[in-house]
Number of protein chains: 2
Amino acid sequence: MVAALVRGAFLVNAVYAESAREFGITAQQGQLLCVLMPGPYGMGELGTTLGLAKSSLTGLVDRTERNGLVRRGPDPRDSRAVRIALTRKGAALAERFYAETCRRVERLTAELTDADRDTLAALLGSVVTANKVPVVFHEPDPGIEVRATN
Amino acid sequence: MVAALVRGAFLVNAVYAESAREFGITAQQGQLLCVLMPGPYGMGELGTTLGLAKSSLTGLVDRTERNGLVRRGPDPRDSRAVRIALTRKGAALAERFYAETCRRVERLTAELTDADRDTLAALLGSVVTANKVPVVFHEPDPGIEVRATN
DNA sequence: AGGGGTTAGTTCGTGCCACGAATTTCCCAT
DNA sequence: ATGGGAAATTCGTGGCACGAACTAACCCCT
């Protein structure tokens, strides 16, 4: 059990990192983009979501901003706070990176039957929610298009 | 499915890293110790097992050696090669770190029934083996003691 | 008003991690 | 013996993560 979880995590990480690399970003920057896909976040929220210290986040956002993928904007409610949002370029890259990463991770379960895949998803899903894992990767869009985004 | 895998990996990683931190090592050094638990490895093997470039490994082994957890020994077969082995201190720490990490990862599945846990282990296990994930974390010792190690 | 405590982010210094390119040493097959 | 390839290390670069110290703004309370 434990070994399966740890090695599974290792595998997913490797795939994630390699996917990121091919898009010219690091895994951490990719994660940041994915978190921001639904909408802007403040630094504080990002810190708790990604499990990073404030000071770690400043640097990550700096580097990602320098790459033109993300933008710091003012928070109308609070002038010390800051809203991090995807730039147009960042949103486009996030979309592509997200899709490609989904494809690759999905392919890891290629040899499972559909039923097994569903079971695995359900079990892992319950572990994830029971442990209150932040949404560092949102559910893919199911078939029907009902986008309100943008 | 994908989201469950990615978030699960995120969760396991966080637990792993926190466990390592409490033993005064980094996640990478902890992983190195775990890989070395069954016996010594050469740099090359370590590289493929951990998925790291040779040059990355030199540094990791340097730092871990500096901490007194690991030792470079000569390879009798090949004088350029090197065998990395746990020191006595490293073996002791590895044992404790491994056990504690197992406890913590296991606790993540606390709310599953035994049957569900078995199912999850089996499914994840088949994904892991189908994708030829190296043994970066070996199976815990089942009850009966049949050690040949050391 | 106007402080005192709190919160949001940044800065700074440190150490770790990962990589590629270049290098050295050695093995081995021809 | 020699030339190709494998095993490691070195070097330089850049990203990542942290804690401690700091600044600016908010909030509340009197």
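Below, chain A is the first sequence line, B the second, and so on; all start at residue 1. The shown structure was predicted, so the numbers you read here are calculated from the model rather than taken from an experiment.
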| request: Would you list the pairs meeting side chain to side chain donor-acceptor pair (under 3.5 Å) in which at least one residue belongs to residues 44-54 of chain A, sequence neighbours left out? | output: A:Glu45-A:Arg83

| task | For B:Leu93 and B:Leu33, work out which heavy atoms get closest and say how close. | result | CD2-CD1, 4.1 Å

| query | First contact, last contact: which nucleotides of DNA chain D are these for chain A, 5' to 3', heavy-atom distance under 4.0 Å? | reply | D:dG15 to D:dC26

| Counting only non-hydrogen atoms, which of residues 20-29 of chain A are less than 4.0 Å from DNA chain D? | A:Thr26, A:Gln28, A:Gln29

| query | What's the CZ-C1' distance between A:Arg83 and C:dG9, to the nearest Å? | reply | 14 Å

| request: With sequence neighbours excluded, tell me which residues meet side chain to side chain donor-acceptor pair (under 3.5 Å) with B:Asp78. | output: B:Arg80

| request: Pull out every residue in residues 42-63 of chain A that has a heavy atom closer than 4.0 Å to any atom of DNA chain C, ordered by number, or say none. | output: A:Gly42, A:Met43, A:Gly44, A:Lys54, A:Ser55, A:Thr58

| query | Measuring from A:Met1:CE to B:Leu108:CG, what's the distance to the nearest 0.5 Å? | reply | 9.0 Å

| message | Can you pull out every side chain to side chain donor-acceptor pair (under 3.5 Å) where at least one residue sits in residues 64-73 of chain A? Sequence neighbours excluded, please. | response | A:Gln29-A:Asn67, A:Asp62-A:Arg72, A:Glu65-A:Arg72

| message | Considering only residues two or more places apart or on different chains, which pairs with a residue in residues 112-138 of chain A satisfy ring pair (Phe, Tyr, Trp, His ring centres under 6.0 Å)? | response | A:Tyr98-A:Phe137, A:Tyr98-A:His138

| field | Whether B:Asp75 side chain and B:Arg77 backbone form a donor-acceptor pair below 3.5 Å | value | yes

| note | Here the residues of residues 64-79 of chain B within 4.0 Å heavy-atom distance, strictly under, of DNA chain C are B:Arg66, B:Asp78, B:Ser79

| field | B:Arg103 bridged to B:Glu106 by N-O distance under 4.0 Å | value | no

| Any ring pair (Phe, Tyr, Trp, His ring centres under 6.0 Å) pairs touching residues 39-78 of chain B, not counting sequence neighbours? | none

| query | Could you give all pairs that pass the side chain to side chain donor-acceptor pair (under 3.5 Å) test and reach residues 14-25 of chain A, with sequence neighbours left out? | reply | A:Ser19-A:Thr101, A:Glu22-A:Arg104

| said: Can you list everything that forms a salt bridge (Lys or Arg N to Asp or Glu O under 4.0 Å) with A:Arg63? Sequence neighbours excluded, please. | reply: none

| message | Suppose we screen for side chain to side chain donor-acceptor pair (under 3.5 Å). Which residues come up paired with B:Arg107, at least two apart in sequence or across chains? | response | none

